[in-house]
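Okay, structure first, notes after.
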2 protein chains.
Amino acid sequence: MPGPSAAVPDATVERLPLYHQVLADLAREGETTVSSVRLAELAGVNAAKVRKDLSFLGSYGTRGVGYDVEFLMLQVQRTLGLTGDARVVIVGFGNLGQALANYGGFGERGFPVTAIVDADPDKIGTQVPRSDANGESATERVVVEHVERLAEVVRDHKITVGVIATPQHAAQAAADALVAAGIQSILSFAPVVLDVPESVPWRKVDLATELQILSFYQARSGSLQHPA
Amino acid sequence: MPGPSAAVPDATVERLPLYHQVLADLAREGETTVSSVRLAELAGVNAAKVRKDLSFLGSYGTRGVGYDVEFLMLQVQRTLGLTGDARVVIVGFGNLGQALANYGGFGERGFPVTAIVDADPDKIGTQVPRSDANGESATERVVVEHVERLAEVVRDHKITVGVIATPQHAAQAAADALVAAGIQSILSFAPVVLDVPESVPWRKVDLATELQILSFYQARSGSLQHPA
DNA sequence: TATTGCTTGTTCTCTTGTTCACAAACTCGC
DNA sequence: GCGAGTTTGTGAACAAGAGAACAAGCAATA
Ligand SMILES: NC(=O)c1ccc[n+]([C@@H]2O[C@H](COP(=O)([O-])OP(=O)(O)OC[C@H]3O[C@@H](n4cnc5c(N)ncnc54)[C@H](O)[C@@H]3O)[C@@H](O)[C@H]2O)c1
Ligand SMILES: NC(=O)c1ccc[n+]([C@@H]2O[C@H](COP(=O)([O-])OP(=O)(O)OC[C@H]3O[C@@H](n4cnc5c(N)ncnc54)[C@H](O)[C@@H]3O)[C@@H](O)[C@H]2O)c1
């Protein structure tokens, strides 16, 4: 009996959001159950891998039938620690920061953008429509505040996630400020390796990196399967 | 003698862009050589791993000294197939598409945004300043064209990379159009699994996925090292 | 209740990736 | 030219992950 809280391998953790997304699509289409084979097809992975991954969450399938879509979604959420909303602050309201702020997909997926800060006085006060998980309340707005007020803002709004969308040279300072403000995890778009305490998990999304990896597989075109 | 063109493991390929970025930073600071230990520090990985990774490119270090920064950068580029510029077309000129188009970092890193297409007639004709690898020629512009002209545009500008920044429901159609136009690799921001021929490598960048992975490690905070 | 058909959960094997540890090889100062 | 100090490149041990295969278990039907 492994129990639901046994260790989940890193490789599995990286795939759980993919399964979650596929399950959400299935639920939207009205499907109530799904087999590992179908789930694997839709997620583009091996079926045995799907079953093994899901077995780490507990034994929630029914032999001869498959998995209950809604219930499995809940188990994935529970395993990932997606309990309620995790509020997000965006640091840097430039090209990318504005795109992120205007993007409704965050709130829909449980990560509402609750605050935005920038260092540029001209940007302070700009208003952005806010979309929470429960529909869009058109009247609610997020106002861009000065980065110096970061700690205050994080505390007042109980924000736990920081997104860095500043230029590269300001990214480490932004990370330091976020850590000092008590943020619990960081997603950065700046192409630099951040120096943060081990207790603060962080990930980097770098488009040039992705394109460079693609470049390699393109050069080897046909001879290798893409590893996404 | 493994030779420079022996197989490079997937895990290594995924790290090469990181090394490349660190090396570029070092070169900018005027450093001419670097040891595996220092490179590992800056990249946030194990030094032995760095040496093993680099050994797949060939034997380019000097014992007792380290690696020549400029030369190693060239070797990484060669291995990744970064020969000259790989021109990019962006499909979808919305929030994200505009941010990407206005972002100079692409061109600087060898992936100039050479064309943009959208399905919305209102967006056709919009001009975006273009930044090539060699400085910014303020007069050059990229004009948003209709998505129906995609094949033509791709052919005329010798574009090899497609970036999908359309809404989720249009992503597969965009992918199909890109493949039909003869694109060689695809980077998608839509949170869906694309169905493309095996000969076209593709990768997905999904922010919600990243945040969900962070959520897991945050819940296990302190007990686990982030795996980025 | 027995039988049939299907799908999970898990075991086992193979492959890939990581890390340690150290000989080989190079530089530099003397 | 030699010795001291450094750093690479790689063999070997170890860990993690992938995938095939199949027994166990459930549903449905008769
Ligand atoms: N725009 C893109 O499509 C894109 C793509 C890939 C990566 N990136 C990366 O994302 C980051 C942002 O890109 P961008 O195009 O939005 O840049 P940008 O210059 O348009 O915006 C940066 C914003 O950060 C603000 N800022 C600067 N220093 C700050 C600080 N110390 N604290 C708070 N705010 C600060 C600036 O005032 C500005 O509003 C960069 O690191 C870039 O490399 C962007
Ligand atoms: N904006 C963000 O910060 C962000 C973050 C994460 C993911 N995404 C994803 O990126 C994608 C784009 O997001 P967005 O906020 O820019 O959306 P958006 O609605 O602002 O822009 C989408 C654009 O695509 C165009 N389009 C629609 N159908 C098309 C088609 N068939 N061919 C060509 N163009 C078409 C639309 O006209 C529009 O201009 C979405 O899939 C979204 O989930 C966006």
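Naming: A, B, ... by sequence-line order, numbering from 1 per chain. Heavy atoms only: backbone and side chains are in, while hydrogens, waters and symmetry mates are out.
For the pair Tyr67(B) and dC26(C), the criterion of a side-chain N or O lying under 4.0 Å from OP1 or OP2 is not met. The side chain of Ser35(B) places no N or O atom within less than 4.0 Å of a non-bridging phosphate oxygen (OP1 or OP2) of dT7(D). For the pair Ser59(B) and dG9(D), the criterion of a side-chain N or O lying under 4.0 Å from OP1 or OP2 is met.
Between Tyr19(B) atom OH and dT8(D) atom C1' the separation is 15 Å, expressed in whole Å. Between the CZ atom of Phe56(A) and the P atom of dA18(D) there is a distance of 10 Å, rounded to whole Å. Spacing between atom CG of Leu57(B) and atom P of dT8(D) amounts to 14 Å, rounded to whole angstrom units. The nearest whole Å value for the distance from the CG atom in Leu72(B) to the P atom in dT8(D) is 11 Å. Between Leu54(A) atom CG and dT7(C) atom P there is a gap of 15 Å when expressed in whole angstrom units.
For Asp68(A), there are no side chain to side chain donor-acceptor pair (under 3.5 Å) partners two or more places apart in sequence or in a different chain. By the side chain to side chain contact (heavy atoms under 4.5 Å, CB included) test, Gln184(B) is found to be paired with Gln218(A), Thr160(B), residues two or more places apart in sequence or in another chain being considered. In this structure, Asp195(B) has no side chain to side chain donor-acceptor pair (under 3.5 Å) partners at least two apart in sequence or on a different chain. For Ala43(B), the side chain to side chain contact (heavy atoms under 4.5 Å, CB included) criterion is met by Leu18(B), Tyr19(B), Val22(B), Val45(B), not counting sequence neighbours. Qualifying side chain to side chain contact (heavy atoms under 4.5 Å, CB included) partners for Glu210(A), counting only residues two or more places apart in sequence or in other chains: Leu187(B), Arg203(B), Val205(B). Residues forming a side chain to side chain contact (heavy atoms under 4.5 Å, CB included) with Ala180(B) (at least two apart in sequence, or on another chain): none.
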Could you list, one pair per line, each protein nitrogen or oxygen that sits under 3.5 Å from a nitrogen or oxygen of nucleotides 28-30 of chain C, together with the distance?
none

What N/O pairs connect the protein and nucleotides 12-18 of chain C at under 3.5 Å? Give each pair on its own line.
{"from": "dG17(C)", "atom 1": "OP1", "to": "Ala11(B)", "atom 2": "N", "distance (Å)": "3.3"}
{"from": "dT18(C)", "atom 1": "OP1", "to": "Arg15(B)", "atom 2": "NH1", "distance (Å)": "3.2"}
{"from": "dT18(C)", "atom 1": "OP2", "to": "Arg15(B)", "atom 2": "NH1", "distance (Å)": "3.3"}
{"from": "dT18(C)", "atom 1": "OP2", "to": "Arg15(B)", "atom 2": "NH2", "distance (Å)": "2.9"}

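Residue pairs that meet the ring pair (Phe, Tyr, Trp, His ring centres under 6.0 Å) test with at least one member in residues 65-98 of chain B, sequence neighbours left out, are Tyr60(B)-Phe71(B).
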Nucleotide by nucleotide, nucleotides 21-30 of chain D touches protein heavy atoms under 4.0 Å in the pattern (B base, S sugar-phosphate only, - none) B--BBBS---
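Here the side chain of Arg15(A) pairs no donor or acceptor atom with the backbone of Asp53(A) at under 3.5 angstrom.
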Side-chain donor-acceptor distances from residues 109-116 of chain B under 3.5 Å, at least two apart:
{"from": "Arg109(B)", "atom 1": "NH2", "to": "Asp206(A)", "atom 2": "OD1", "distance (Å)": "3.2"}
{"from": "Arg109(B)", "atom 1": "NH2", "to": "Asp206(A)", "atom 2": "OD2", "distance (Å)": "3.0"}
{"from": "Thr114(B)", "atom 1": "OG1", "to": "Pro112(B)", "atom 2": "O", "distance (Å)": "3.2"}

With a 3.5 Å cut-off and sequence neighbours excluded, list the donor-acceptor pairs that the side chains of residues 32-41 of chain A form with protein atoms.
{"from": "Ser35(A)", "atom 1": "OG", "to": "Val37(A)", "atom 2": "N", "distance (Å)": "3.4"}
{"from": "Ser35(A)", "atom 1": "OG", "to": "Arg38(A)", "atom 2": "N", "distance (Å)": "3.2"}
{"from": "Ser36(A)", "atom 1": "OG", "to": "Arg51(A)", "atom 2": "NH1", "distance (Å)": "2.9"}

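The shortest side-chain heavy-atom distance between Val13(B) and Ile213(A) falls under the 4.5 Å cut-off.
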